[in-house]
Amino acid sequence: MADKISIIVPCYNEGTAIPVFYNELTRALDDIDVEKEIIFVDDGSSDDSLFVMKTLAKRDSGVKYISFSRNFGKEAAMFAGLEASSGNYAAIMDADLQDPPQLLKQMYDDIKKGDFDCIATRRATRKGEPHLRSFFSRMFYRLINRISSTEIVDGARDFRLMTRQMVDSVLSLREYNRFSKGIFSWVGFKTKWISYDNIERSEGETKWSFSKLLIYSLDGIMAFSTAPLSIASVLGLLFCLIALVLIVVVVTKTLIWGDPVAGYPSMMCVIFLLSGVQLFSIGIIGQYLSKTYMESKGRPIYITRESNIEKTPEE
Ligand code: UDP
Ligand code: MG
């Protein structure tokens, strides 16, 4: 059987970027002698992204599109694209040319040798990124790798070429709260890493604000570690020990020097501290509970509004 590569491109308001990306991609793909399919996933864009995709699909029968009923997020778009892909290799790429299509040839040659199931990319530097953001990113990776047994590689991009076997494994994880960086690592398989310098996006603007990134990183931690849940137990134990020591101290003092006047301000401080710790711990449990609640609803990861791919994966 001849090889076929599926390229999956999540797009959210990328109307200006898609044509530029398509040109670069097809030029790079021309160097690779395989069957190709490009799957654009329109993640509920409010611009003309879908129109641009349709125009390309009319010209090129290798272009497929899936359009969501609303914005479901990049994770959902990647899942939909992988689910719709039919190649025995599949790659995920951003529409903004931050993932250089020229690398595909090398990635394909590497995966073809059969020693690896996945050729993944990571950026070697964080050039062009605000310093504060780089700092928090580094902190995040250090933290999550300490408390999670799944390795999350710093600077890993979603740009990766995978074998069908690995794609199917990724698809078998049907969780609603998807954190792909963790999922790719969790399914295992042999991954080869390629590094390249950070490239600034060609058109449009990044869809990530600082608060979005913060929420994303917290979601990542909750998806791949339950360590925060034990914070309450650890703190509880610590405060019990402190309380025991205090009791001994207070009783001894009372026996030797008589009943001292109770310190109101210090008591208030302790009450505030302990209430804070308790609410914080309950908050963490609440976060996990809310994730569990959402998962238990078993909602679909995305909803398609229109597409030119006839075959649904269930068939
Ligand atoms: N994206 C998406 N849905 C979203 C946000 C982003 O499909 O809700 C797509 C976006 O169109 C792009 C890719 O995900 O192709 C990466 O987004 P972006 O370039 O904004 O992220 P960055 O490269 O800055 O991390
Ligand atoms: Mg980008």
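In listed order, ligands and their atoms are each counted from 1. Keep in mind it's a predicted model, so treat the numbers as computed, not measured.
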Pairing residues for F179 by the ring-ring contact (aromatic ring centres under 6.0 Å, His included) criterion, not counting sequence neighbours: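 Counting only residues at least two positions away or on another chain, F179 forms a ring-ring contact (aromatic ring centres under 6.0 Å, His included) with Y216.
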All pairs passing side-chain hydrogen bond (donor to acceptor under 3.5 Å, both in side chains) where residues 277-290 contributes a residue, at least two apart: none
Donor-acceptor under 3.5 Å (T26 side chain, N23 main chain): yes
Check: D115 main-chain N/O paired with K190 side-chain donor or acceptor under 3.5 Å: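 Checked: no pair found.
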Residues Y108 and D33: side-chain donor-acceptor under 3.5 angstrom: no
Residues in contact with ligand 1, criterion: heavy atom under 4.0 Å: P10, C11, Y12, E14, D43, N71, G73, K74, D94, A95, D96, Q98, R201, T206, K207, W208
Aromatic Y176 / basic R174 pairing, under 6.0 angstrom, 45° off normal: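 Cation-pi check for R174 and Y176: fails.
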NZ/NE/NH1/NH2 to OD/OE distance under 4.0 Å, D109 and K113: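 No.
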The Mg ion (ligand 2) neighbourhood, protein N/O/S only, threshold under 2.8 Å: D96 OD2, Q98 OE1
Distance flag, aromatic centroids of F79 and F72, threshold under 6.0 Å: no
Transitive ILVMFWY side-chain link I194 to Y89, under 4.5 Å: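 Result: yes, single cluster for both.
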